Structure formats: C-alpha cells, structure tokens
S.K.: 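Before we start, here is the structure in question, set down as structure tokens.
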Amino acid sequence: MGARRNYLGGAFGVLWLLVILLPIYYVVITAFKPLSTYMGGNPFALPSPPSLENFQAVVEAGFGSYLANSLIVVLGSVVPLVLIAFMASYAIIRGVGWPFSVTRRLFLLGLAIPVQATIVPVYLMIIEMGLYDTLPALMLPAIAFGLPLTILILSNSLRDVPKELFESMMVDGCSEWQMMWRLAFPMVRPALVTVGVYQALMQWNGFLFPLILTQSPERRTLPLFLWNFQGEFATNIPAVLAAVFVSSLPIVFLYAVGRRQLVAGMTAGVGK
C-alpha cells in the first residue's frame, strides 16, 4: 500500500512559496519600471518596456564605492574569522585537559553578550587604536563577535570526524598541523562553507558598526548607502527597489556557488 499524499501540506507549501516569491517578484519588476509607469499603472504588471534609468540613478549615487567597501569588509573579516575559528576549534577538540574545555566555555560565553551592549567600549578601543573611519575598524569587531558561534559550529563538526582517521595518520608520521589541514579541513568543508556564508550575510547586512565606526562616505558600506539613498529618493520607489535589487545580487551569487556545501553543512548529523 502506497503512502497517502498530503494534499493539505502541499497546499500550504505552495501558499508559503507564493508568500516568499511575491515580494521578490515585486522588487524585480518595479526596479525596471520608470517612475511615470509605476505611478500610473498596475504595480504587479510587467514593465513595458523595461527601463534601466533606476539603475543609472543607483550608479550615479556612488554605488560602486560602497559596493567595493562592503566586499573588502566581508572578505577581510570572514576569511580570517573562519580560519581562526577552525584552528581554535581543532585545538579545543584535539586538546587534552581542562584548559581546552575552559577555553571552549569562554568562547561560548560570548554568545550571551549582545552586540549593542558593547558599542561604547568598542568605539573607544577603535579610537585609541587610531582606526576610526577605516575599513579595519569594521573588520576587527566582526571577527571578534563572529568567533563564538563559528567555533560552536565547527567544533561540533570536528567532533564527528572519526578518531580512527587521526590515529591512522599519526601512525604514518603526520604531525598535528598536517592532520589539521589534510584531514580535518576537508572533512568539515561543508560546515566551513555554512559558517562562511552565514557570516558573510551578517557582515553584508551589518548596519550598526558601520554607522558608529565610520563617518566619511568613502568608508561606508552598502547598508548605509541604502539608508542614504532611500532618504534622497523617498518618493522614487522604483529607484529605491533597484538599489535593493543590485545590493542583494552578490549574496545571491554567493549562495548559488556554495549551495551544495551549504545544504550539506546544515544537514550534517541529522541522520545520526
């Protein structure tokens, strides 16, 4: 006897898919509409003809420099964050003795500290270091606040690597350093991609630290660009949605490239 089909669940699934796709559809089609067409026509109708004037307004507003700053901040924070967290997680899992367990608890304690409560001390430290209104001022807090969650995820993934594999490599004369990069690193690659994409998304959408730690437009990132652009083009909804559309493309591309590893990392250990 075959399994009964869940028509009610399927109907709710289709309804939820429409709820998700409808705003995306609205943003995409509106970004290609001239303001005159948008104000006088059906907001959900396809643009006829499509126009690039909204994207031209976005580029002329300095989108390129803000995009470059965001890319630099994301790469300059996520890559060191993932590498440091991976090596720290390996030391915690492979280490023997109470110092390693205490270190892991100290990192986990960072999950209980809200970012908003540290704005003043972080601001003062950045000032004392002479990094105010620079891109490194955004990278260092991102690395610090991203470590606890990243170490938690990577240490759990490293714990699932069979100990027999480490013992086999030790018999072959491999050092801990070689085992970390030749064995552990490939084994937890899905988890590395997962935390990398998550942290990249967090830094890409970060608003609080760029607002507090930067001042000049040459050092600000895309969330602040969207904030300023919306204030300038408050009555031009197509131009604002065009800015939102182009700002989301890099993250969509990142997900498209790493989606297989991302799904594998999120579902790791489900069948155990």
Side-chain angles (χ1 to χ4, degrees), residues 70-95 98-123 125-126 135-161 180-181 184-213 221-223 248 250-272:
S70 288
L71 291 174
I72 293 172
V73 170
V74 169
L75 292 175
S77 58
V78 173
V79 174
L81 167 61
V82 172
L83 292 178
I84 294 172
F86 168 70
M87 291 186 286
S89 302
Y90 183 88
I92 290 172
I93 297 302
R94 292 285 296 165
W98 64 268
F100 296 97
S101 60
V102 171
T103 301
R104 185 173 186 271
R105 293 189 179 95
L106 288 176
F107 276 114
L108 295 182
L109 184 63
L111 294 173
I113 303 176
V115 175
Q116 294 80 2
T118 64
I119 287 298
V120 174
V122 168
Y123 173 79
M125 285 189 292
I126 292 297
L135 296 183
L138 306 179
M139 300 176 192
L140 294 179
I143 295 173
F145 286 100
L147 280 175
L149 181 61
T150 307
I151 289 177
L152 173 64
I153 296 175
L154 294 182
S155 59
N156 289 336
S157 298
L158 285 168
R159 190 177 287 110
D160 294 335
V161 178
M180 180 174 65
W181 294 110
F185 190 83
M187 293 290 289
V188 299
R189 186 175 299 166
L192 292 170
V193 175
T194 301
V195 296
V197 172
Y198 174 78
Q199 293 297 340
L201 181 61
M202 294 294 292
Q203 304 315 316
W204 190 263
N205 294 328
F207 181 84
L208 186 59
F209 280 131
L211 178 64
I212 300 298
L213 301 178
T221 54
L222 277 179
S248 62
I251 289 296
V252 173
F253 174 77
L254 178 63
Y255 173 78
V257 171
R259 62 185 178 87
R260 291 186 178 180
Q261 298 289 338
L262 182 63
V263 172
M266 292 189 295
T267 58
V270 171
K272 295 183 179 180

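Note that this is a predicted model, so its numbers are computed, not measured. Values below: every heavy atom of this structure, side chains too, minus hydrogens, waters and symmetry copies.
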S.K.: About how many Å separate CD of Q199 and CZ of F145, when rounded to the nearest 0.5 Å?
M.R.: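 Going from the CZ atom of F145 to the CD atom of Q199 covers 12.0 Å.
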S.K.: If I take atom CG from residue L208 and atom CD1 from residue I119, how far apart are they, to the nearest 0.5 angstrom?
M.R.: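 That separation rounds to 3.5 Å.
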S.K.: With rounding to the nearest 0.5 angstrom, report the CG to CE distance, L158 to M180.
M.R.: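 Going from the CG atom of L158 to the CE atom of M180 covers 10.0 Å.
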S.K.: Identify the residue among I84, L111, I92 that makes a side-chain contact (heavy atoms from CB on, under 4.5 Å) with I151.
M.R.: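 Per the side-chain contact (heavy atoms from CB on, under 4.5 Å) rule, the option paired with I151 is I92, out of I84, L111, I92.
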S.K.: Contact between T221 and W204 at the side-chain level, heavy atoms closer than 4.5 Å - yes or no?
M.R.: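 T221 does not reach W204 side chain to side chain.
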S.K.: Would you sort out whether I72 and M139 count as a side-chain contact (heavy atoms from CB on, under 4.5 Å), showing the intermediate values?
M.R.: CA-CA 9 Å; I72 293 172; M139 300 176 192; 3.5 Å; yes
S.K.: Could you tell me whether the side chain of I153 reaches within less than 4.5 Å of the side chain of Y198, counting heavy atoms only?
M.R.: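 No; the side chains remain at least 4.5 Å from each other.
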S.K.: Drop me the distance from L213's CG to M125's CE, to the nearest 0.5 angstrom.
M.R.: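 Answer rounded to 0.5 Å: 10.0 Å.
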S.K.: Which word best sums up how the rings of F86 and W181 line up, parallel for under 30°, tilted for 30 to 60°, or perpendicular for over 60°?
M.R.: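 Aromatic pair F86/W181 classed tilted.
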S.K.: Testing the basics here: between I143 and P80, what is the closest heavy-atom pair and its distance to 0.1 Å?
M.R.: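 Where I143 meets P80 most closely, the heavy atoms are CD1-CB, 3.9 Å.
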S.K.: Ignoring hydrogens, what is the shortest heavy-atom contact between P141 and P136? Give both atom names and the distance.
M.R.: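 It is CD-O, 4.4 Å.
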S.K.: Nearest 0.5 angstrom please: F207 CZ to I212 CD1, how far?
M.R.: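 It comes to 9.0 Å.
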S.K.: How close do L222 and S70 get, counting heavy atoms only, and between which atoms?
M.R.: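 The pair with the smallest heavy-atom distance is N-OG, 2.9 Å.
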S.K.: Do you know which two heavy atoms are closest between L81 and G146, and how far apart they sit?
M.R.: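 Smallest heavy-atom distance, with atoms named: CD1-C, 3.5 Å.
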S.K.: Are there more than 12 heavy atoms of other residues, nucleotides or ligands under 6.0 Å from atom CE of M87?
M.R.: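 Enclosed.
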S.K.: Check L154 against S89 and note the closest heavy-atom contact, atom names and distance.
M.R.: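 Here L154 and S89 meet closest at CB-OG, 3.5 Å.
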S.K.: Would you say S77's side chain and A142's backbone share a donor-acceptor pair under 3.5 angstrom?
M.R.: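 No; zero donor-acceptor contacts below 3.5 Å.
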S.K.: How long is the span from the CD atom in Q203 to the CG atom in L71, to the nearest 0.5 Å?
M.R.: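 The CD atom of Q203 sits 13.0 Å away from the CG atom of L71.
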S.K.: Please report the shortest heavy-atom distance between A112 and P114, naming the atom on each side.
M.R.: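 Scanning both residues completely, I find the closest heavy atoms to be O-CD, 3.3 Å.
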